[in-house]
Amino acid sequence: MAEKEEVTAETSTEDAEKVVVEPYDAADIDFDTFCKSDMRVVKVKDCVAVKKSKKLLQFTLDDGSGTDRTILSGMHSYYEPEKLVGKTLVAIVNIPPRAMMGIVSHGMFLSAECKKGKMRL
């Protein structure tokens, strides 16, 4: 299992230099399609492990809309849920809802793998 890291607000230059860029092989999208992405800075109000799942965390978020947003993400092997409460993340919020483990997720986080087994939100 990957080593879990404490979440920090800063990324060092050394960490940035270790980012591995994988070859891009997915279909290109046009600029107009990209512009339709609603990326928002969200605040984590609560985060819990999803029962019966080794990977999923359930986030309750403040996205500025006045209504809490739920997003599920498979990052439990990287982070403990209680360490993410209060953090600020970036999410795409206008993708179609998706049910996982009986819970509907309304978005997706932007993240990067900095080095093998290390994820940064």
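The model shown is predicted, which means the values in this text are computed figures rather than measured ones.
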Peer 1: Between Leu61 and Val44, is any pair of side-chain heavy atoms under 4.5 Å apart?
Peer 2: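 Yes, side chains in contact.
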
Peer 1: Are Met108 and Val90 in one and the same hydrophobic cluster, where Ile, Leu, Val, Met, Phe, Trp and Tyr link if side-chain heavy atoms are under 4.5 Å apart?
Peer 2: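 Linked within one cluster.
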
Peer 1: Indicate, with yes or no, if Phe109 and Leu57 share a hydrophobic cluster defined by side-chain heavy-atom contacts under 4.5 Å among Ile, Leu, Val, Met, Phe, Trp and Tyr.
Peer 2: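 Result: yes, single cluster for both.
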
Peer 1: Give, for atom CG of Leu110 and atom CG of Leu89, the distance between the pair rounded to the nearest 0.5 Å.
Peer 2: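 So the gap between those two atoms works out to 9.5 Å.
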
Peer 1: With salt bridge (Lys or Arg N to Asp or Glu O under 4.0 Å) as the rule and sequence neighbours excluded, what pairs involving residues 44-55 come up?
Peer 2: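 Sorted result for residues 44-55: Lys45-Asp68.
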
Peer 1: May I ask you to test the Arg40-Ser65 pair for a side-chain heavy-atom distance under 4.5 Å?
Peer 2: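 Answer yes - side chains close enough.
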
Peer 1: Just wondering, are more than 12 heavy atoms of other shown residues or ligands nearer than 6.0 Å to CE in Met39?
Peer 2: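 Yes, the 6.0 Å shell around CE holds more than 12 heavy atoms from other groups.
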
Peer 1: Does Ile103 have any side chain to side chain contact (heavy atoms under 4.5 Å, CB included) partners at least two apart in sequence or in another chain, and if so, which?
Peer 2: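 Once residues adjacent in sequence are excluded, the partners of Ile103 under the side chain to side chain contact (heavy atoms under 4.5 Å, CB included) criterion are Val50, Gln58, Thr70, Leu72.
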
Peer 1: How long is the straight-line distance from OG of Ser73 back to CE of Met100, given to the nearest 0.5 Å?
Peer 2: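 OG of Ser73 is found 8.0 Å from CE of Met100.
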
Peer 1: Which pairs count as salt bridge (Lys or Arg N to Asp or Glu O under 4.0 Å) when at least one residue sits in residues 69-78, sequence neighbours excluded?
Peer 2: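 Listed by first then second residue: Asp63-Arg69.
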
Peer 1: How about Met75 and Phe59: do any of their side-chain heavy atoms sit closer than 4.5 Å?
Peer 2: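 Answer yes - side chains close enough.
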
Peer 1: Distance check, rounded to the nearest 0.5 Å: Leu84 atom CG versus His76 atom NE2?
Peer 2: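 NE2 of His76 is found 9.5 Å from CG of Leu84.
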
Peer 1: Output every pair passing ring pair (Phe, Tyr, Trp, His ring centres under 6.0 Å) with a member in residues 31-56, not counting sequence neighbours, ordered by first then second residue.
Peer 2: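 Residue pairs with at least one partner in residues 31-56: there are none.
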
Peer 1: Identify, with sequence neighbours excluded, every residue that meets side chain to side chain donor-acceptor pair (under 3.5 Å) alongside Asp32.
Peer 2: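 For Asp32 there are no side chain to side chain donor-acceptor pair (under 3.5 Å) partners, ignoring immediate neighbours.
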
Peer 1: How far apart are the closest heavy atoms of Pro81 and Cys47, and which atoms are they?
Peer 2: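 So the minimum-distance heavy-atom pair works out to CB-O, 3.3 Å.
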
Peer 1: Is there a donor-acceptor pair under 3.5 Å between the side chain of Asp38 and the backbone N or O of Asn94?
Peer 2: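 No; zero donor-acceptor contacts below 3.5 Å.
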
Peer 1: Grab the two heavy atoms, one from Gly107 and one from Ile95, that are nearest each other, plus how far apart they are.
Peer 2: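 It is C-CD1, 3.7 Å.
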
Peer 1: Run the side chain to side chain donor-acceptor pair (under 3.5 Å) test against Thr67 and tell me which residues pass, sequence neighbours left out.
Peer 2: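 Checked Thr67 against side chain to side chain donor-acceptor pair (under 3.5 Å); zero matches.
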
Peer 1: Measuring from Ser37:OG to Ile29:CD1, what's the distance to the nearest 0.5 Å?
Peer 2: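 Answer for the OG-CD1 pair, Ser37 versus Ile29, is 6.0 Å.
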
Peer 1: Look up atom CZ in Arg98 and atom CD1 in Ile71, then write down how far apart they are to the nearest 0.5 Å.
Peer 2: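 Reported to 0.5 Å precision, the distance equals 13.0 Å.
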
